[in-house]
Amino acid sequence: MSSKYPFETIEPKWQRYWKDHKTFRAVEDPKVPVERRAYILDMFPYPSAQGLHVGHPEGYTATDIYSRYLRMNGYNVLHPMGFDSFGLPAENYAIKTGTHPKATTEDNIDRFRKQIQSLGFSYDWDRELSTCQADYYQWTQWIFLQLFRRGLAYEAEAPINWCPSCKTGLANEEVKDGKCDRCGSEVTRKRIRQWILKITAYADRLLSDLDGLEWPESIKQMQRNWIGRSEGANVRFKLDGRSEEIEIFTTRADTLFGATYMVLSPEHSLVERITTDAQKASVMAYVEAASKKSDLERTDLAKDKTGVFTGAYAINPVNGAKIPVWISDYVLISYGFGAIMAVPAHDERDWEFAKKFGLPIVEVVAPSHSPEAKAAVEARADGKPEGAPPVLDTPAECTHEDGVAVNSGAFNGLPTRDAMREVVAMLAGKGIGESTVNFKLRDWIFSRQRYWGEPIPLVHCPKCGIVPLEEKDLPLRLPDVKSYTPTGTGESPLAAIESWVNTTCPKCGGPAKRETNTMPQWAGSSWYFLRYLDPKNGQALASKDKVDYWMPVNLYVGGAEHAVLHLLYARFWHKVLFDMGLVNTNEPFQRLINQGMILGENGVKMSKSLGNVINPDDIVREYGADSMRVYEMFMGPLEVSKPWNTKGLVGMNRFLERVWRLAEKPLDGGTPPDSLVKLLHKTIRKVTNDTATLNFNTAISQMMIFINEITGEERLYRSLWEPFVLMLSPFAPHLGEELWEKLGHGSSIAYQPWPKWDEALCVDEEVTVVVQVNGKLREKLQVAKDMGEEELKALALSKPKVQEFIGGKDIAKVIVVPGKLVSVVTK
RNA sequence: GCUGGCGUGGUGAAAUCGGCAGACACGAUAGACUCAAAAUCUAUUGGGGGCAACUCCGUACCGGUUCAAUUCCGGUCGCCAGCACCA
């Protein structure tokens, strides 16, 4: 009678063993060559009150299997875990319940750590960190000071997302579809004094360095779009009868002759000055209304263009035309100069606006094969481009396609690309424009008017201005407060603690006030992977030796939701640290993989409100951690989203039960049958290759095939069983250790050498060769693996079945792929 | 709208230097064991037709290249994700 697989006792037993023996402690052994060192990293979790979700262990299991596999292959592996613990959820909870966020955060971390440990991951827990601890955020503050010193942090008034109901500024990630994620109110804009990081100074490098990264193409593409580099030109337009100029950015300098009006963003600084008295009332009303609009109203819903004429006119520099200057909120203050030249014939937005307000539309680019284009090209060939016949009709539709310049004076007849270059050259010659590059990426609004974050280590001194703290005075500790409730004035709750706010200036010693904004949640996570390298270092964020030993991260696994925020911020900070000589690589994460989402059993996203959430604790209790691990890896490729299915999990549990029952047979030291030896070697080959490439689902399937085969045997051969247990152990580590111990070994399986396969034993002596006649499969041949082409052809043609389908027709050709197929084609 | 990705049995999926479509698992059906159930084991399981040997169809849809297409190319439709007036 066989016993049930006792995961309830095995799993805690080995977890205790690993902890007591510090089995997975990583040590910087200089004897290990660089190519045998591996830094395998998970995106660390935010420890929420809900506890772990089944989605978390998916990526963690993948990196764990890979880490264990690498250790067994002689690698020195760094595989750490920690907690991203500053941020709004803890603070919101504190506001609601009056519990200190530190207390709830610590509770949550304890819970998370326990849950993570219950899954048997091989982390080096001696390196655990938490971003809200002073000995960690001391270095987050230190990095901020370096950014400040290098001119990469500046103070400015900037409009931020503001929730009028929660009375607080919101981070971008807390705004969903223009609404507050917490209360559902529409988010408005509020201008508040902000600390901003100059990430745009690194835009070019953040873009070009993507090319060298082994990241999913989709993530690289998302970052490219987000950075949004565009080449174009700046052009300055004179105002009619005034000294000011309007400067604009355009990617289509070639359409300058078609610019029939200009539009300023309502927030543009010239608006007030250039508006004529007659227009003042309507312009001011429009500006006022625009400022009150939420983002949602200004973008999604604003399909219909709105705007007001300022009364002012600008001069089109190429043809001297007087063109009206309007204001409209379809022009964004935050991009380019917050002003545009409008070319309605060749820009959809300008087209809609011009149609609505009856503004002139002039075609300046004709489709390449149109008669207008041909006439312009001919005129140019004759040396008289300006003599090209004018195109007078208002175009029927707007097009941004390339073509040939028309209605463009000396530029008539030039193809779009040439016209762009020529027009810019002409503008540059006159000193009223030049080619330039613009980015969509904006500077990083870095301050939060919140309590639970890193205090910004600066003071405001009435004499000296903004003064950074001395590095020796770090960390600047977060003080205790009575109330975490946001003030609603745009000041953080810290502002109310006078004893903390009032301080002395580090420079002059006079009275000064502390900066009361705190850092966003993204600060701590922008460099945590460096602190794991040297988590107890009191002198530096990490010693250079340790950075050199481990960096860069060889494999980083986490959700795709961090494609642009965390992954872009971390790259930015890393490049700054690289420029300072503190890290050895330009990029932090060499290889990135996004695990897919685990959906609910009904195929939709797991969420509390849908009642389809699976709690990993229940799974571990009922089926064991190993079943959970193997199931999550068996579900499908790591990168794709797939629905949870508890039935499927039960199947994995059955597989492990079968393995356990097999182990209860007495071991046999004899030689197993050839066919099983061959299967073993094929299995080693497949599991090795698939594990190395993170194709865990097919590796598991091969192990199942192996088990199905050897289950039929009377005896359990040690020479088959030991290699199998070794291969299984990264996937089901508790069971692996237990079976290894049962095999009579004294030490952990974690560092045993990975089994090797013999290629000669993976080859079958006999293979199936299929015969096709006119593309259809008609016969199969069992032949020796190395049968030659001629022999195969003769054998195939000798088969009655094949002859039957040839049906006496002449043979046009026969294609033979030795070991695979014979394809007969008739005339 | 733009960008990226994906469409294969009842379900999760496997197979792509083009070469037996559906490995492995779930579910289902039938049987063995049992007083019975659970567990376990055995068999069948893409669809249609045939008593059967067998045969036809089948990888979202339409077309192309090829002796041969799930795989390559062009188009259409659908789904998912991200961005969204970026001049």
Side-chain angles (χ1 to χ4, degrees), chain A residues 2 4 216-226 228-230 232 248-252 255 259 262-263 265 298-300 302-303 305 328-332 334-343 346-350 352-353 400 438-442 560-561 563-564 594 596-597 599 601 603 605 630-631 634-637 639-652 654-655 657-658 661 695 697-708 711 768-780 801 811-817 819-826:
Chain A
S2 60
K4 189 183 162 301
E217 202 45 50
S218 59
I219 301 287
K220 291 208 254 185
Q221 198 55 41
M222 276 161 81
Q223 291 214 349
R224 287 191 192 107
N225 293 344
W226 187 267
R229 186 190 143 99
S230 62
I248 58 104
F249 171 75
T250 179
T251 54
R252 291 295 301 271
T255 63
M262 300 191 82
V263 187
S265 154
R298 272 183 77 151
T299 57
D300 281 10
K303 288 274 176 269
K305 297 271 182 292
S328 171
D329 63 8
Y330 84 90
V331 174
L332 307 175
S334 49
Y335 187 75
F337 296 97
I340 61 156
M341 67 175 198
V343 184
H346 305 291
D347 182 288
E348 287 286 347
R349 299 152 298 179
D350 298 343
E352 277 177 42
F353 193 83
H400 59 265
N438 231 315
F439 292 94
K440 230 166 92 175
L441 181 70
R442 300 186 200 152
E561 67 273 20
V564 280
N594 296 119
M597 250 195 301
L599 308 168
E601 294 207 78
K605 204 172 162 173
V630 176
Y631 172 61
F634 185 73
M635 287 170 83
E639 298 88 340
V640 309
S641 294
K642 51 243 158 192
W644 178 269
N645 178 357
T646 299
K647 289 268 175 54
L649 172 89
V650 173
M652 291 309 109
R654 277 208 280 266
F655 167 62
E657 290 272 5
R658 259 203 304 280
R661 280 199 304 273
N695 294 112
N697 53 335
T698 47
I700 293 165
S701 137
Q702 183 64 38
M703 287 192 275
M704 288 174 165
I705 293 170
F706 179 79
I707 286 301
N708 290 346
T711 301
T768 306
V769 170
V770 300
V771 184
Q772 294 181 351
V773 179
N774 291 329
K776 295 211 178 202
L777 177 70
R778 297 303 181 188
E779 181 63 291
K780 294 181 184 184
K801 195 81 178 288
I811 291 168
K813 66 172 154 176
V814 179
I815 294 137
V816 182
V817 182
K820 287 247 158 132
L821 94 163
V822 178
S823 181
V824 182
V825 189
T826 63

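As the structure is a prediction and not an experimental result, all values here were calculated from the model. Naming convention: chains lettered A, B, ... in sequence-line order (proteins, then strands); numbering from 1 in each chain.
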Sidechain-backbone polar pair: A/Lys813 side chain, A/Ile811 backbone, donor-acceptor under 3.5 Å | no
Reckon A/Lys605 touches a base, only the sugar-phosphate, or nothing at all at heavy-atom distances under 4.0 Å?
-> nothing
Please work out if A/Asn697 contacts a base, only the sugar-phosphate, or nothing of the nucleic acid, heavy-atom cut-off 4.0 Å.
-> sugar-phosphate
Please give, in whole Å, the distance from B/U40 C1' to A/Glu657 CD?
-> 11 Å
Contacts of A/Glu217 and A/Tyr631 projected onto RNA chain B by closest heavy atom; the upstream (5') one is A/Glu217
Touch class at under 4.0 angstrom, heavy-atom based, for A/Lys820 against every strand present | sugar-phosphate
Where is the tightest heavy-atom contact between A/Asp350 and A/Val343, given as atom of each residue plus distance?
-> OD2-N, 2.9 Å
Is A/Thr251 touching bases, backbone alone, or none of the nucleic acid, heavy atoms closer than 4.0 Å?
-> sugar-phosphate
May I have the distance from A/Met652 (atom CE) to B/A13 (atom C1'), rounded to whole angstrom?
-> 11 Å
For atom NZ of A/Lys776 and atom C1' of B/G58, their distance in whole Å = 11 Å
Contact class for A/Ile815 vs. all strands (heavy atom < 4.0 Å): base, sugar-phosphate, or nothing?
-> base
So, is A/Lys647 close to the B/G27 phosphate, meaning a side-chain N or O under 4.0 Å from OP1 or OP2?
-> no
Expressed as a whole number of Å, how far does the C1' atom of B/G5 sit from that of B/C67?
-> 34 Å
Quick one: is A/Asn774 getting a side-chain N or O under 4.0 Å of the B/A68 phosphate, OP1 or OP2?
-> no
Would you call A/Lys647-A/Glu601 a salt bridge at under 4.0 Å N-O?
-> no
Report the distance from atom CG of A/Leu821 to atom C1' of B/A69, rounded to the nearest whole Å.
-> 14 Å
Taking atom types as modelled and ignoring hydrogens, do the side chains of A/Arg442 and A/Ser334 form a donor-acceptor contact shorter than 3.5 angstrom?
-> yes
Within the structure shown, what part of the strands sits under 4.0 Å from A/Asn708 by heavy-atom distance: base, sugar-phosphate, or nothing?
-> sugar-phosphate
Euclidean distance for C1', B/A23 against B/A14 (whole angstrom) = 5 Å
Whole angstrom is fine here: how far is it from CG in A/Leu777 over to C1' in B/A69?
-> 15 Å
Could you tell me whether A/Arg442 contacts a base, only the sugar-phosphate backbone, or nothing, with contacts defined as non-hydrogen atoms closer than 4.0 Å?
-> base
Closest of B/A14, B/C85, B/C24 to the A/Ile705 side chain is B/C24
A/Arg661 side chain near B/C41 phosphate (N/O to OP1/OP2, under 4.0 Å) = yes
Hey, which of these two, A/Lys642 or A/Asn645, hits RNA chain B nearer its 5' end, going by closest nucleotide?
-> A/Lys642
Cation-pi geometry met for A/Lys305 and A/Phe353 (6.0 Å, 45°) | no
Aromatic centroids of A/Trp644 and A/Tyr631 separated by under 6.0 Å = yes
A/Lys305 side-chain proximity, nearest of B/A15, B/C85, B/G4 = B/C85
May I ask you to decide if A/Ile707's main-chain N or O and A/Thr711's side chain share a donor-acceptor pair within less than 3.5 Å?
-> yes
Is the phosphate of B/A87, meaning OP1 or OP2, less than 4.0 Å from a side-chain N or O of A/Ser230?
-> yes
Which residues pass the side-chain hydrogen bond (donor to acceptor under 3.5 Å, both in side chains) test with A/Thr698, sequence neighbours left out?
-> A/Asp690
Could you work out the separation of B/C72 and B/C54 based on their C1' atoms and round it to a whole Å?
-> 34 Å
With syn defined as a glycosidic torsion within 90 degrees of 0 and anti otherwise, which applies to B/G5?
-> anti
Closest to the A/Val640 side chain, choosing from B/A13, B/A87, B/G12 | B/A13
Among the candidates B/C67, B/A25, B/A14, find the nucleotide nearest to the side-chain atoms of A/Lys813.
-> B/C67
What nucleic acid atoms does A/Gly651 come within less than 4.0 Å of, heavy atoms only: base, sugar-phosphate, or nothing?
-> sugar-phosphate
Kindly say whether, by distance alone, the side chain of A/Lys780 makes a donor-acceptor pair under 3.5 Å with the base of B/C20?
-> yes
What about A/Gln772, does its side chain sit under 3.5 Å from the base of B/G19 through a donor-acceptor pair?
-> yes
Dot-bracket for RNA chain B, 5' to 3', Watson-Crick and G-U pairs with both distances under 3.5 Å, [ ] for crossing pairs, | for partner on another strand, reads (((((((..(((......[....)))((((((.......))))))((((....))))..(((((..]....))))))))))))....
For A/Ser701, report the nucleic acid contact type (base, sugar-phosphate, nothing); a contact means any heavy atom under 4.0 Å.
-> base
Would you tell me whether A/Asn774 and A/Thr826 have side-chain atoms, one donor and one acceptor, within less than 3.5 Å of each other?
-> yes
Determine the Euclidean distance between corresponding P atoms of B/G75 and B/C85; express it in Å to zero decimal places.
-> 28 Å
Can you tell me how far P in B/C73 sits from the matching atom in B/G18, rounded to whole Å?
-> 11 Å
Looking only at atom C1', what distance separates B/G31 and B/C20, rounded to whole Å?
-> 31 Å
If we take the P atom in both B/A21 and B/G12, what is their distance in whole Å?
-> 23 Å
Output, in order, the C-alpha distance, side-chain angles, deciding distance and verdict of side chain to side chain contact (heavy atoms under 4.5 Å, CB included) for A/Tyr330 and A/Glu352.
-> CA-CA 11 Å; A/Tyr330 84 90; A/Glu352 277 177 42; over 6 Å; no
Mind calculating the distance between CD (A/Gln221) and P (B/G5) to the nearest angstrom?
-> 8 Å
Shortest non-hydrogen contact from A/Ile219 toward A/Ala563 = CD1-CB, 3.5 Å
NA contact type, A/Pro216, heavy-atom cut-off 4.0 Å: base, sugar-phosphate, or nothing?
-> nothing
Any side-chain N or O of A/Arg654 under 4.0 Å from OP1/OP2 of B/G27?
-> yes
Looking at every strand, decide which applies to A/Met341 at a 4.0 Å heavy-atom threshold: base, sugar-phosphate, or nothing.
-> nothing
Say you pick atom P in B/C6 and the same atom in B/U66; how far apart are they, in whole Å?
-> 27 Å
Rounded off to whole Å, could you give me the CG-to-P distance for the A/Asn594 and B/G4 pair?
-> 17 Å
Round to a whole Å and report the spacing from CZ of A/Arg224 to P of B/C83.
-> 17 Å
Touch class at under 4.0 angstrom, heavy-atom based, for A/Val331 against every strand present | base
